[in-house]
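Please read the structure below before turning to the comments.
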Protein chains: 2
Amino acid sequence: MTPIRIVIAEDQALVLGAIAALLSLEPDLTIVGRAADGDAALAMVRDLAPDVLLTDIEMPGLSGLDLAGRLADVHPRTAVVIVTTFARPGYLARAKSAGVRGYLLKDAPVDDLAAAIRTVAGGGRAIPADLAAAAIEIGCDPLTDRERDTLRLAAEGLSNKAIADRLGLSPGTVRNYLSDAAGKLGAANRIEAGRTARQNGWL
Amino acid sequence: MTPIRIVIAEDQALVLGAIAALLSLEPDLTIVGRAADGDAALAMVRDLAPDVLLTDIEMPGLSGLDLAGRLADVHPRTAVVIVTTFARPGYLARAKSAGVRGYLLKDAPVDDLAAAIRTVAGGGRAIPADLAAAAIEIGCDPLTDRERDTLRLAAEGLSNKAIADRLGLSPGTVRNYLSDAAGKLGAANRIEAGRTARQNGWL
DNA sequence: GCCGCGTAGTGACAGATGTCATGGGTCGGC
DNA sequence: GCCGACCCATGACATCTGTCACTACGCGGC
């Protein structure tokens with residue numbers, strides 16, 4: 001029986017090393033590569049053609065979700081398992097549409113990790129039912145591209161005028177987009193709107 | 001030579017398990033306890049009197065910094081090592097004043113972890129020079145308690161009126177506090193003020 | 001061809017926010 | 001006892017935001 005070959009992508013070196021140590025305890029799993037960002041991981045998967053890519057979402061450069069999207073085209077033989085801190089419905093939705101078959105929170109019990117890897121390596125899916133249910137409950141991203149753009153900048157504390165300059169729009173248009181976004185999200189102002197959008201993984 | 005006895009506190013089960021696996025590889029270290037939140041960790045240190053407590057900062061209930069503060073009084077024999085995602089100057093400052101002798105980012109190379117544990121167990125300090133320098137550069141928290149309170153609620157998207165109701169103040173007073181806070185932080189508005197305060201570990 | 005949607009803009013208005021000056025009160029340090 | 005902090009408040013003012021109505025263009029679907 002040949003072991004499952006794994007590449008791990010995780011920007012926090014300590015966590016990367018720790019997860020590697022954890023998986024090394026499993027006799028049927030071998031770690032063939034470690035990457036500290038999405039771009040390095042992409043190259044590594046191309047070179048090593050592992051059975052499974054274990055990846056974080058929030059990383060410098062290419063995010064774990066972008067990475068999964070690229071791999072679906074370039075290297076569909078490598079199964080992707082996302083491991084993330086955040087239970088954001090939008091993240092799960094984007095992961096699913098990128099063809100990801102494994103999704104795991106860092107909150108999950110340790111045994112779940114190896115189990116998920118084995119499941120996806122065997123062609124199955126490992127997505128917790130409660131997360132999937134929450135994602136359905138919340139629904140999909142109601143924002144348009146421009147609403148997201150303006151909201152992102154507004155969340156950094158920029159004024160309507162400053163946002164308008166950055167995006168090449170008129171301040172009035174920015175006001176309208178932000179007002180629309182707040183309305184769609186049921187928020188009373190741009191701050192609340194930014195928070196719920198971020199919480200849901202839409203920003 | 002007796003091994004160094006360690007308790008780990010970390011709310012993300014996967015990371016907790018992974019770090020435990022990593023440290024188990026070191027023959028001179030033994031993990032005697034694992035806690036998923038600050039309160040459990042406090043009880044565990046009282047019961048087990050370990051040489052070292054390895055703890056995250058952001059946890060449900062008692063934070064790692066609160067925990068360190070309590071232990072300085074209750075159990076000064078146990079050395080504390082903070083392991084955190086965030087390089088926030090205010091966190092390091094609070095850690096130092098709580099008597100913490102080890103501070104490590106999750107970004108750090110894996111070898112640094114065991115090294116830091118051995119250093120503090122031997123009575124030494126393990127605080128990266130660059131973090132300490134950054135903390136001095138930024139200086140200490142310029143905000144008063146009330147400015148922090150109002151800023152925290154403002155960052156959640158509450159209006160002046162809503163903040164005033166929560167804190168039992170007049171809306172005008174809230175405006176003044178937020179204006180003061182923004183001035184001290186060099187911010188143009190409450191959003192930017194909240195961001196820089198959070199970034200520096202002051203919120 | 002028309003409709004819906006996203007994009008982009010304007011004008012008007014109310015209300016929220018930011019700034020400043022000014023006035024209290026308490027409390028601790030010198 | 002005075003001074004400096006932090007606390008709390010008010011009033012006045014300018015500016016920023018949020019909301020609404022209404023217009024216009026391009027694009028894709030039916």
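Throughout, protein chains are lettered first and strands after them, A, B, ... in sequence-line order, and every chain is numbered starting at 1.
Residues from residues 139-163 of chain A that place a heavy atom under 4.0 Å from any atom of DNA chain D, listed by number: A:Ser159, A:Asn160. Within residues 174-197 of chain A, the residues that have a heavy atom under 4.0 Å from DNA chain D are, in order of number, A:Arg175, A:Asn176, A:Ser179, A:Asn189, A:Arg190.
For the pair A:Ile31 and A:Val7, the minimum side-chain heavy-atom distance is 4.5 Å or more.
Salt bridge B:Glu147/B:Arg190: absent, no basic N to carboxylate O contact under 4.0 Å. Ion pairing of A:Glu10 with A:Lys106 is present here, as a side-chain N (NZ or NE/NH1/NH2) and a carboxylate O approach within less than 4.0 Å. Looking at A:Arg148 and A:Asp141, a side-chain N of the basic residue comes within less than 4.0 Å of a carboxylate O on the acidic one, giving a salt bridge.
Applying the side chain to side chain donor-acceptor pair (under 3.5 Å) definition to pairs two or more places apart or across chains, those involving residues 64-80 of chain B are B:Ser63-B:Asp66.
When the side chain to side chain contact (heavy atoms under 4.5 Å, CB included) test is applied to A:Arg5, the partners found at least two apart in sequence or on another chain are A:Thr30, A:Val32, A:Leu48, A:Asp51. For A:Ala36, there are no side chain to side chain contact (heavy atoms under 4.5 Å, CB included) partners two or more places apart in sequence or in a different chain.
Proximity of A:Ser170 to the phosphate of C:dA8: no side-chain N or O atom is located under 4.0 Å from OP1 or OP2.
Geometrically, B:Arg88 engages B:Phe86 in a cation-pi contact, judged by NZ or CZ lying under 6.0 Å from the ring centre and within 45° of the ring axis.
Helical stems of DNA chain C (runs of at least 3 Watson-Crick or G-U pairs, donor-acceptor distances under 3.5 Å) are listed by first residue: C:1-30 with D:1-30.
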